[in-house]
Every structure is written in C-alpha cells, then in structure tokens.
Colleague: 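Attaching a single structure in structure tokens format; questions to follow.
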Amino acid sequence: DSGVTQTPKHLITATGQRVTLRCSPRSGDLSVYWYQQSLDQGLQFLIQYYNGEERAKGNILERFSAQQFPDLHSELNLSSLELGDSALYFCASSAGGFSGNTIYFGEGSWLTVV
Amino acid sequence: GENVEQHPSTLSVQEGDSAVIKCTYSDSASNYFPWYKQELGKRPQLIIDIRSNVGEKKDQRIAVTLNKTAKHFSLHITETQPEDSAVYFCAASDYNQGGKLIFGQGTELSVKP
C-alpha cells in the first residue's frame, strides 16, 4: 500500500459524459501528479499540483481539468468523454515539488468509455 | 521538452540469466532517474533510483548505471527469477520542472523458468 488513495477504482460511462476522479495523497505529501496509461501505452504525464497550485502541465487535453484543494486532495475532471479516453488514470504524490523526491503511485482508476 | 527513449520494448530471458534495459534522455538538466516495476493491472512501484551525482547504485540483484555525458542510464537485473516478470519503466526528472517524471515507453520482461 503506497498510501495514495484513488476513487473510484472502476468507472464505466458513455461518450459525451463527464466524470471526476479523486485522489488523496500520502499523509504529508504536498505534490500530486496525474498520469494516463492507455492500453499497451506508457505513462503519460498530465498535470502536477504543489500545495494547491499548478506546478507543471503535460499534454493534458482542454476537455480535462484538475485542481488541488486546501486539504491537498486532488480531483481530475474529464468532460465530453470520447472512446479514446478509456484508460487507467494514476494519481501519484511526493513530499515536495522538486526533482529527486520519491513519487508514489496510487492503484489507479480504470475508466471505460462506451 | 524532455523525452525518454527505452529499449528493448520486450525482453525474454531464462531464469538465472541477467537482464539489461537501457534508456536515453534528451534534457541535459535532468538529475533524477528512477525505475519502476509494474505488474499487470497494478500500480507502478519504485524499485531503484539514481541521482546525477552518482554513477552507479546497487540494491541486491538490481543495479542502475548512469552516464551523464552520453545521457543514458541502464537497469541491470542479475539472477532473474520468474517473479521479476513485469513491465519496467525508466523515468527522468528535471530539477527545474517541478519534479514531474517523464517515462520511457516500458520494457516487458519475461523470465522463463
């Protein structure tokens, strides 16, 4: 158990819909990262928050947005869903917002768009 | 932006043999290089990491080497066991980029008994 909690574990939804994925980082960790892993694909960086503020942005679609709340939990919002958005979405956390901090991954949220 | 290339994409070895996975990175400012192991449907788990001020690091059967000049790093697994079968990802992180990891494409390692 990494200490990073993600909900829901599995989600099936229809095209055009909107979903929210939730992440609670490890106790004390200030950074939250979101990654997308499609079938047979690697881990694509989406976005990072550090202590409530956006720290880095990857190839995140405009239909996707995220935020980190004062209690440090984070949500990833996916809207106007397409079949290609079906993937495993990982949240990860680290103590700081700098290179060299160990990054721990949650168990992921499986999203299936039908 | 940062790019990490990983080879090979698949690797099959006999139990007891060694396995080597290689990665190259593009951003010379990268200074942290972790390796993650991911079993099917599971989360990536850190197995070893190395920082740019170190050339080699070893942890039991696992070792990582770093060549900053050539911008490549490698994972070495000795005396492989069937439970080493998984997908391995290398990653790189740039101090100036907030700590995010950019991952290689992954190597599916299969260890045959």
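On a predicted model such as this, the values are computed, not experimentally measured, just so you know. Labels below follow one simple rule: chain letters A, B, ... track the order of the sequence lines, proteins then strands, and each chain is numbered from 1.
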Colleague: What residue in B:Asp49, B:Asp94, B:Val87 has the most heavy-atom pairs under 4.5 Å with chain A?
Modeller: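 When all of B:Asp49, B:Asp94, B:Val87 are compared, B:Asp94 has the most.
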Colleague: With the 4.5 Å side-chain cut-off for hydrophobic clustering, are A:Leu43 and A:Leu61 part of the same group?
Modeller: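 Hydrophobic grouping puts A:Leu43 apart from A:Leu61.
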Colleague: Does CD1 in A:Ile12 sit with more than 12 non-hydrogen atoms of other residues, nucleotides or ligands closer than 6.0 Å?
Modeller: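 No.
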Colleague: Does B:Glu2 reach the side chain of A:Phe45, with side-chain heavy atoms less than 4.5 Å apart?
Modeller: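 No; the side chains remain at least 4.5 Å from each other.
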Colleague: Tell me, for B:Phe33 versus chain A, whether the close heavy atoms (under 4.5 Å) come from the side chain, the backbone, both or neither.
Modeller: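 Contact with chain A: none, neither part.
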Colleague: Does CG in B:Leu40 sit with more than 12 non-hydrogen atoms of other residues, nucleotides or ligands closer than 6.0 Å?
Modeller: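 No - once you tally the heavy atoms of other residues, nucleotides and ligands closer than 6.0 Å, there are 12 at most.
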Colleague: For B:Gln81, is the CD atom crowded, meaning more than 12 foreign heavy atoms sit under 6.0 Å from it?
Modeller: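 Yes, because the 6.0 Å sphere around CD of B:Gln81 holds more than 12 heavy atoms from other groups.
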Colleague: Should we count CD of A:Glu75 as having more than 12 external heavy atoms under 6.0 Å?
Modeller: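 Yes - once you tally the heavy atoms of other residues, nucleotides and ligands closer than 6.0 Å, there are more than 12.
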Colleague: If we only count heavy atoms from C-beta on, is the B:Phe103 to A:Gln37 side-chain gap below 4.5 Å?
Modeller: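 No, side chains not in contact.
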Colleague: Side chain from CB out, backbone as N, CA, C, O: work out which of these in A:Tyr50 comes under 4.5 Å of a heavy atom of chain B, or both, or neither.
Modeller: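 No part of it gets close to chain B.
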Colleague: Which atoms of A:Gln48 come close to chain B, meaning under 4.5 Å heavy atom to heavy atom: side chain ones, backbone ones, both, or neither?
Modeller: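 For A:Gln48, the side chain is the part near chain B, not the backbone.
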Colleague: Side-chain heavy atoms under 4.5 angstrom apart, residues restricted to Ile, Leu, Val, Met, Phe, Trp, Tyr: same cluster for A:Ile60 and A:Val19?
Modeller: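 Yes; A:Val19 is reachable from A:Ile60 via cluster members.
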Colleague: B:Gln6 versus chain A, heavy atoms under 4.5 Å apart: side chain, backbone, both or neither?
Modeller: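 Contact with chain A: none, neither part.
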Colleague: If you draw a 6.0 Å radius around CD in A:Glu53, do more than 12 non-hydrogen atoms from other residues or ligands fall strictly inside?
Modeller: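 Counting other residues, nucleotides and ligands, CD of A:Glu53 stays at 12 neighbours or fewer.
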Colleague: Return the option, out of A:Asn101, A:Leu88, A:Thr102, A:Val4, with the maximum number of heavy-atom pairs under 4.5 Å with chain B.
Modeller: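 Heavy-atom pair counts peak at A:Thr102.
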Colleague: Tell me whether the count of non-hydrogen atoms from other residues, nucleotides or ligands lying under 6.0 Å of CG in A:Asp71 goes above 12.
Modeller: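 Result for CG/A:Asp71: enclosed.
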Colleague: Could you grab the distance from atom OG of A:Ser31 to atom NZ of B:Lys100, nearest 0.5 Å is fine?
Modeller: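 Going from OG on A:Ser31 over to NZ on B:Lys100, the span is 12.0 Å.
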Colleague: Which heavy atom of A:Ile103 sits nearest to which heavy atom of B:Tyr36, and what is that distance?
Modeller: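 For A:Ile103 and B:Tyr36, the tightest heavy-atom pair comes out as O-OH, 2.6 Å.
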Colleague: Can you tell me which portion of B:Leu46 sits under 4.5 Å from chain A's heavy atoms? Options are side chain, backbone, both or neither.
Modeller: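 When you check distances to chain A, only side chain atoms of B:Leu46 fall under 4.5 Å.
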Colleague: Please rank B:Pro44, B:Gly106, B:Ser93, B:Ala91 by heavy-atom pairs under 4.5 Å with chain A and give me the top one.
Modeller: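 Among B:Pro44, B:Gly106, B:Ser93, B:Ala91, the one with the most close pairs to chain A is B:Pro44.
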Colleague: Where do B:Arg43 and A:Gly106 come nearest, in terms of heavy atoms and distance?
Modeller: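 Closest pair (atom of B:Arg43, atom of A:Gly106, distance): CB-O, 3.0 Å.
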Colleague: Among the clusters formed by ILVMFWY side chains lying less than 4.5 Å apart, do A:Phe105 and A:Leu21 turn up in the same one?
Modeller: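 The answer is no; the residues belong to distinct hydrophobic clusters.
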